[in-house]
Amino acid sequence: METVAVIDFETTGLSPGQGDRATEIAAVILKDGEIIGRYQSLMNTGAWVPAFIESLTGITNEMLRSAPPASLVMQEVADFVGDYPLVAHNASFDSKFWDAEMARIDRTRRQEFVCSLLLSRRIFPQAPSHKLSALIEYANLPVAGRYHRALADAEMAASLLQRLAHELREQHKVNTVSVDLLSRIQRAPKSQLTKCIAHAQAV
DNA sequence: TGCCAGGCCCTCTTTAGGGCCTT
């Protein structure tokens, strides 16, 4: 698989369209099955963190007061990931925040997002749940740290992606797992996984 | 101090509703 950047946001809520902002970002660079780079930072947007979110993530308003400004952090993380394809667990969530925070610093995403949640639903349809923590347990992958902290979640999403690629190679006899193939699989109707893989292999 | 969204997918569906996921 090509080199990718697996990212994870912690935020004040679910929707940037409703005023929610990022509180923490992490990105890990995954190359040839190894994490070769890590970026992690809290970020101060001035937005208030509700008590429920403080409890969920452990990221408090107090912690964010001394965090670097979001504009600086987003510049750094954008430079860190470059043009590598981005991967996130439930990418529809992280892509919204990525695009919203990038727009605030007048930068535009050029690469696509791959979603490990959608891929898991295709490749591990039998898993009891497709939330990140359940998939880590289901696949016997190491817990990298506290759930709902950006770097731990990004590292676990990266190991899950590796496991999904392994499953494609071993169970579905895929010779080369590419970002393009993953992109096709996550968009394919659930019932047509085998057909989708066969078609991609034949091209 | 603390409200909230939206895409995917299944089914008791398709002129809809609701659970799953993300914080």
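Below, chains carry the letters A, B, ... as their sequence lines are ordered, and counting in each starts from 1.
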Heavy atoms under 4.0 Å, any strand shown: does A:Phe9 hit a base, just sugar-phosphate, or nothing?
-> sugar-phosphate

Qualifying residues under salt bridge (charged side-chain N to carboxylate O under 4.0 Å, His left out), relative to A:Arg121, sequence neighbours excluded | none

For A:Arg184, enumerate each residue passing the salt bridge (charged side-chain N to carboxylate O under 4.0 Å, His left out) test, keeping only those at least two apart in sequence or located in another chain.
-> A:Asp180

Quick one: do the A:Thr12 and A:Asp20 side chains pair a donor with an acceptor below 3.5 Å?
-> yes

Quantified in whole Å, what is the C1' atom distance between nucleotide B:dC3 and nucleotide B:dG7?
-> 22 Å

Opening and closing nucleotides of DNA chain B in contact with chain A, under 4.0 Å to non-hydrogen atoms | B:dT1 to B:dT23

What nucleic acid atoms does A:Gly17 come within less than 4.0 Å of, heavy atoms only: base, sugar-phosphate, or nothing?
-> nothing

Hey, does A:Asp94 reach any base, or is it just sugar-phosphate, or nothing, if we go heavy atoms under 4.0 Å?
-> nothing

Using a heavy-atom cut-off of under 4.0 Å over every strand shown, decide if A:Ser129 touches base, sugar-phosphate, or nothing.
-> sugar-phosphate

A:Arg163-A:Ser159 side chain donor-acceptor pair, cut-off 3.5 Å | no

Separation of the P atoms in B:dG2 and B:dG6, to the nearest angstrom = 24 Å

Give every residue pair that meets the salt bridge (charged side-chain N to carboxylate O under 4.0 Å, His left out) criterion with at least one member in residues 133-150 of chain A, sequence neighbours excluded.
-> A:Glu24-A:Arg149

Sugar-phosphate only, base, or nothing, as touched by A:Asn61 at under 4.0 Å among non-hydrogen atoms | nothing

Residues passing the salt bridge (charged side-chain N to carboxylate O under 4.0 Å, His left out) test with A:Arg38, sequence neighbours excluded, are A:Glu155

Residue closer to the 5' end of DNA chain B, A:Thr11 versus A:Ser92 (nearest nucleotide) = A:Ser92

B:dT1 to B:dA5 separation - P atoms, rounded to the nearest Å = 23 Å

So what does A:Arg122 touch, heavy atoms closer than 4.0 Å: a base, only the sugar-phosphate, or nothing?
-> sugar-phosphate

Other hydrophobic cluster members with A:Phe80, side-chain heavy atoms of Ile/Leu/Val/Met/Phe/Trp/Tyr under 4.5 Å, chained?
-> A:Ile7, A:Phe9, A:Leu14, A:Ile25, A:Ile29, A:Ile36, A:Tyr39, A:Met43, A:Val73, A:Met74, A:Val77, A:Val81, A:Tyr84, A:Leu86, A:Phe93, A:Phe97, A:Trp98, A:Met102, A:Ile105, A:Phe113

Separation of the P atoms in B:dC20 and B:dT15, to the nearest angstrom | 25 Å

If the P atom of B:dG18 is compared with that of B:dC12, how far apart are they to the nearest Å?
-> 14 Å

Pick the nucleotide of DNA chain B nearest each of A:Leu118 and A:Leu14; which residue has the one closer to the 5' end?
-> A:Leu14

For B:dC9 and B:dC4, measure between their C1' atoms and round to the nearest Å.
-> 23 Å

With rounding to whole Å, what would you report as the distance between B:dT13 and B:dC8 at their P atoms?
-> 22 Å

